[in-house]
Amino acid sequence: MVDKSAAQKKIDELQEQYSKTKYNKATNKYLGELRAKIAKIKHAIESTSRKAGTGYSVRKTGNATVVFVGFPNAGKSSLLKALTGVDSKVADYAFTTLDVIPGMLEYNGAKIQMLDLPGLIQGAHIGKGGSMKIISVVRIADLILFVVDINTYGNLYQLIDELNMLNIRVNRRKPKMRLEITKSGGVNVEANGHLVPKKDVVAGVLNEFKIFNGEVIFYENVTEDMLIDFVADNCVYMRGVVALNKIDTVGATVVDAITKEIEAKTGMTVMPISAKMFSNIPELKKDVFESLDLIRVYLKPKEGNPDMEKPLVLDKNSTVIDVVKKINTKLVKDARFAYVTGPSSKFANQRVGVEHIVKDGDIVTIIFD
Ligand SMILES: Nc1nc2c(ncn2[C@@H]2O[C@H](COP(=O)(O)OP(=O)(O)OP(=O)(O)O)[C@@H](O)[C@H]2O)c(=O)[nH]1
Ligand SMILES: [Mg+2]
C-alpha cells in the first residue's frame, strides 16, 4: 500500500527538481532518471488504488463494450436513453447515477453494450469520488465515449489528464519499439533514423527499472514518456469518441469552434449532440460503430443466396476461422477452406484458406469436411 498524499508530495518535489534542471548533455541522464522515478511513484499510487476499488459487477456482453465517461451532470444518463432506450435516472444535480447502468445498442447488426457510469471528477487519480470502481469498468471497455457538457467543455481535458495519471492512454497506441534484455554490454540503442531519446536518457530510464543491459530498437519516433510507459508495461491504450452534449443551449458558431478545438487538441472524433432534443444521435451511433473497428460478414450456403439480413459481426482482422468460431466453435476442426466474394477477395468466389483475413462486407461460404 502507498500513502497517496505522501506519494503525491514526492511527485511534486521531483517535478520541481525536474523543471529547475536545465536540459543539456551533462544533465540528460539525470533528467531521464527523474522522469522514470516520477513514473514509478505514479504507477505505485495507481496500482494501490486499483486494489482498493472493489469494482462493480458488470459482465461484458455483445460484440463490443462502450463506457460513458464524463463529469457529473454532463448528460450521460440522458444519452444512454437516447441511444438505447434504457431509462437511467436523469436529474438536474450531480451524482444522480451511482451504479453502472447497462444498455444495448443494435447497429448494423452489431450488439454494442453501453455502460452509463457515475461521473468522474478532478482528483479521480487519487481515488476521489469513488473513482477506482469507475475506472475498473473503464479498463474493460473497447471504447470510451466522453460525454461533455458544451458549457463546461474544458472539463474534458481534465478528464483525459486524470485517465492519463491512471495509466489509461486515450487515443494513443503502444509505441512501435522493442526491448531485448542482454547479459552484458550495457544499454544500446538502434534509432533506425527515428527521433528518439538519447542513449544516456534511455539508459537512465532502463536503470530506474533495474535493467542495466539491453538492446532498445525503435521503429518510429518515440518520446521519453512513451519509452517510460513501454518499459513499465502497465498502460492500457484506449480509443475515445466525444459526444459534445447540450448544443441546444448555445449558438451554432460556438458549437463549431469548440468542436474544432477539441478535435485539434485531442485527435478524437467529436460529435456535437443534444441528448435532450435527440439531435445527431444517428450520427453519433455511426461514429461509435466506426471507431470500434467491427466488420460484418454475410454467410452464404454452398447452394443458395447469402443472408444479407443478419451479418456476423467480428473484430477487424478476423480470419475465416474466426468466422467459423462465431457460428459454432465445435465446427472449427472440420473447416477446410472458403469461397469469398467482397472487399477481401480478388474476384468473385475466390477460394481461400482458413487463415484468410476477411473484410467488412464479405460474403463467405465455408466448406467443411
Ligand atoms: N439542455 C439540455 N439539457 C440536457 C441535455 N442532456 C441532459 N440534460 C440535462 O442535464 C441534467 C443532467 O443530465 P443527466 O443525464 O442526469 O446527467 P449525468 O451525466 O447522467 O449526471 P450524473 O449521473 O449525476 O453524473 C438533466 O437536467 C438533464 O435533463 C441536453 O442535451 N440539453
Ligand atoms: Mg447519470
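Because only heavy atoms are used, hydrogens play no part in the values below, and waters and symmetry mates are left out as well, while side chains stay in. Read the numbers this way: they start at 1 and go in the same order the structure lists the ligands and their atoms. If you're wondering where the values come from, they're calculated on a predicted model, not measured in any experiment. We count residues from 1, following the sequence as given.
From L244, atom CG reaches atom CD of E261 across 10.5 Å, with rounding to the nearest 0.5 Å.
At a 3.5 angstrom cut-off on N or O pairs, I247 does not count as close to ligand 1. Taking distance alone, with nitrogen or oxygen atoms compared against 3.5 Å, S78 approaches ligand 1 more closely than that limit. Inclusion of D116 in the set of residues having an N or O under 3.5 Å from an N or O of ligand 1 is not warranted. Not one N or O of L117 is nearer than 3.5 Å to an N or O of ligand 1, by distance alone. Considering backbone and side-chain atoms alike, I273 places every N or O at 3.5 Å or more from each N or O of ligand 1.
Contacts between V90 and ligand 1, counted as non-hydrogen atom pairs separated by less than 4.0 Å, involve both the backbone and the side chain. By the criterion of a heavy-atom distance under 4.0 Å, the side chain of N245, and not its backbone, is placed next to ligand 1.
Residue R173 places its CZ atom among more than 12 non-hydrogen atoms of other residues, nucleotides or ligands, all under 6.0 Å distant. Within 6.0 Å of the NZ atom in K60, the count of heavy atoms belonging to other residues, nucleotides or ligands exceeds 12. Within a 6.0 Å sphere centred on NZ of K89, heavy atoms belonging to other residues, nucleotides or ligands number 12 at most.
Put simply, no part of G70 is less than 4.0 Å from ligand 1, judged by heavy atoms.
Remark: side-chain polar atoms of N245 are paired, donor with acceptor, to backbone N or O of A74 under 3.5 angstrom.
You'll find the side chain of L14 reaches within 4.5 Å of the side chain of K10, heavy atoms only.
Residues D116 and S88 bring a donor and an acceptor atom of their side chains to less than 3.5 Å of each other. If you check the side chains of Q113 and T65, you find a donor sitting under 3.5 Å from an acceptor.
When each atom of ligand 1 is checked for a heavy atom of G75 under 4.0 Å away, the hits are 7 (C), 13 (O), 14 (P), 15 (O), 17 (O), 18 (P), 19 (O). Numbered from 1 in the order shown, with element, the atoms of ligand 1 that lie under 4.0 Å from a heavy atom of S77 read 15 (O), 18 (P), 20 (O). Set against the non-hydrogen atoms of T249, the atoms of ligand 1 under 4.0 Å away are 1 (N). Close contacts between ligand 1 and A275 involve ligand atoms 6 (N), 31 (O) [criterion: under 4.0 Å to a heavy atom]. With ligand atoms numbered from 1 in the order given, ligand 1 contributes 25 (O) to contacts under 4.0 Å with heavy atoms of P72. Close contacts between ligand 1 and D248 involve ligand atoms 1 (N), 2 (C), 30 (C), 31 (O), 32 (N) [criterion: under 4.0 Å to a heavy atom].
Within the set K81, K76, K89, K246, the minimum heavy-atom distance to atom 5 (C) of ligand 1 is found for K246.
Backbone or side-chain N, O or S atoms of S77 reach the Mg ion (ligand 2) at under 2.8 Å.
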